[in-house]
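As structure tokens, the structure follows; a few thoughts come after it.
Quantities reported herein were computed from a predicted structural model and do not represent experimental measurements.
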Amino acid sequence: MKAVLQRVSEARVTVEGEVIGEIGQGLLVLLCAERGDTEAVADKLLAKMLKLRIFADEAGKMNRSLQDIGGGLLLVSQFTLAADTSGGNRPSFGQAAAPDEGRRLYDHFVAQARAAHPLVQTGRFAADMQVQLVNDGPVTIPMQMNA
């Protein structure tokens with residue numbers, strides 16, 4: 001499972017002109033399930049993500065986690081993170097999980113996040129979404145968990 005975490009001061013997801021997910025300070029997470037990913041992989045990624053110390057403490061050092069600051073978590077499915085650009089000029093998405101499996105793992109991830117963290121918002125799986133954010137720092141962290 002792949003994710004790109006962006007530390008934000010605010011972020012929102014819009015579908016067909018309607019804001020469907022919005023947070024203030026926290027993490028915008030672009031999330032991709034790949035072939036062979038499992039619920040255990042998703043759980044491991046979520047646990048690491050919630051504890052990752054990428055927010056400033058009172059001394060200005062990245063020493064606090066999302067849980068420490070009580071920030072928002074905005075989860076957006078993005079199968080294009082599985083892109084393979086090694087051959088030709090058109091990316092291949094063969095490593096992305098099949099749509100039904102991707103949705104199942106995304107829904108599992110969201111449910112687990114909501115059980116573990118008080119402020120979770122989402123995009124809409126497989127929708128054409130517009131994502132707006134103010135990247136704080138900027139801080140952008142790629143993450144990958146394997147079985």
Side-chain angles (χ1 to χ4, degrees), residues 1-86 91 93 95-97 99-147:
M1 195 162 235
K2 288 183 178 177
V4 173
L5 284 61
Q6 296 184 78
R7 187 179 76 181
V8 299
S9 55
E10 62 183 71
R12 74 188 49 80
V13 178
T14 305
V15 174
E16 297 177 357
E18 176 189 351
V19 175
I20 63 166
E22 186 171 22
I23 62 169
Q25 181 186 31
L27 289 177
L28 166 64
V29 177
L30 306 174
L31 188 64
C32 175
E34 295 184 295
R35 293 186 185 281
D37 284 342
T38 63
E39 291 176 352
V41 170
D43 294 346
K44 188 173 160 184
L45 179 63
L46 176 63
K48 179 81 169 183
M49 188 180 297
L50 292 175
K51 292 182 173 128
L52 199 63
R53 297 184 325 176
I54 60 173
F55 291 90
D57 63 13
E58 47 286 331
K61 295 188 186 243
M62 286 199 290
N63 206 23
R64 299 181 78 202
S65 71
L66 183 68
Q67 291 181 320
D68 293 335
I69 67 158
L73 182 60
L74 179 54
L75 301 173
V76 177
S77 63
Q78 188 172 352
F79 81 93
T80 61
L81 291 178
D84 177 0
T85 59
S86 63
F93 302 105
Q95 281 304 111
D100 288 346
E101 183 65 3
R103 180 184 302 272
R104 187 185 73 74
L105 287 168
Y106 175 74
D107 289 346
H108 172 81
F109 195 96
V110 169
Q112 294 302 105
R114 287 187 167 141
H117 193 72
L119 180 55
V120 177
Q121 296 281 301
T122 66
R124 184 174 300 149
F125 189 88
D128 182 18
M129 297 176 275
Q130 288 69 52
V131 180
Q132 296 172 303
L133 67 131
V134 177
N135 192 316
D136 179 22
V139 175
T140 302
I141 309 283
M143 292 182 71
Q144 183 166 353
M145 290 288 165
N146 299 313

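Q67 pairs by the side-chain hydrogen bond (donor to acceptor under 3.5 Å, both in side chains) definition with nothing, not counting sequence neighbours. Considering only residues two or more places apart in sequence or on other chains, E22 meets the side-chain hydrogen bond (donor to acceptor under 3.5 Å, both in side chains) condition with R12. Every residue two or more places apart in sequence or in another chain was checked for a side-chain hydrogen bond (donor to acceptor under 3.5 Å, both in side chains) with T38, and none qualifies. Partners of D107 under the side-chain contact (heavy atoms from CB on, under 4.5 Å) rule, at least two apart in sequence or in another chain, are R103. Under the rule for a side-chain contact (heavy atoms from CB on, under 4.5 Å), the partners of R124 that lie at least two apart in sequence or sit in another chain are V15, I20, A127.
Sorted by first then second residue, the salt bridge (charged side-chain N to carboxylate O under 4.0 Å, His left out) pairs that include residues 32-45, not counting sequence neighbours, are K2-E34, E39-R104. Judged as a ring-ring contact (aromatic ring centres under 6.0 Å, His included), the pairs with a partner in residues 118-147 (not counting sequence neighbours) are, in order, Y106-F125. Judged as a side-chain hydrogen bond (donor to acceptor under 3.5 Å, both in side chains), not a single pair has a partner in residues 23-32 (not counting sequence neighbours). Judged as a side-chain hydrogen bond (donor to acceptor under 3.5 Å, both in side chains), the pairs with a partner in residues 71-80 (not counting sequence neighbours) are, in order, Q78-T80. Screening residues 127-142 for salt bridge (charged side-chain N to carboxylate O under 4.0 Å, His left out), with sequence neighbours left out, gives R7-D136.
Partner of L31 under the side-chain contact (heavy atoms from CB on, under 4.5 Å) criterion, chosen from L45, V76, V4: L45.
With contacts defined as side-chain heavy-atom distances shorter than 4.5 Å, the pair L52/L66 does not qualify. Looking at V134 and V8, their side chains never come closer than 4.5 Å, going by heavy atoms from C-beta outward. Side-chain contact between L74 and V13: present, with at least one pair of heavy atoms (C-beta onward) separated by less than 4.5 Å. At least one side-chain heavy atom of Q6 sits less than 4.5 Å from a side-chain heavy atom of L30.
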Would you mind writing out the side-chain donor-acceptor pairs for residues 111-119 within the sub-3.5 Å range, not counting sequence neighbours?
| from | atom 1 | to | atom 2 | distance (Å) |
| --- | --- | --- | --- | --- |
| H117 | NE2 | G71 | O | 2.6 |

What donor-acceptor contacts under 3.5 angstrom involve side-chain atoms of residues 140-147, with partners at least two apart or in another chain?
| from | atom 1 | to | atom 2 | distance (Å) |
| --- | --- | --- | --- | --- |
| T140 | OG1 | N135 | ND2 | 3.0 |
| Q144 | NE2 | N146 | OD1 | 3.4 |

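Note that CZ of F109 is 6.0 Å distant from CG of L75, once rounded to the nearest 0.5 Å. To the nearest 0.5 Å, atoms CD1 (I54) and CG (L27) are separated by 4.5 Å.
A pairwise comparison of heavy atoms in M1 and A33 identifies CE-CB, 3.8 Å as the closest pair. The minimum heavy-atom distance linking H108 with A42 is given by the pair CD2-CB, 4.0 Å.
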Checking V29 against M49 for the side chain to side chain contact (heavy atoms under 4.5 Å, CB included) test, could you report, in this order, the C-alpha distance in whole Å, the side-chain angles of both residues, the deciding distance, and whether it holds? CA-CA 9 Å; V29 177; M49 188 180 297; 3.6 Å; yes
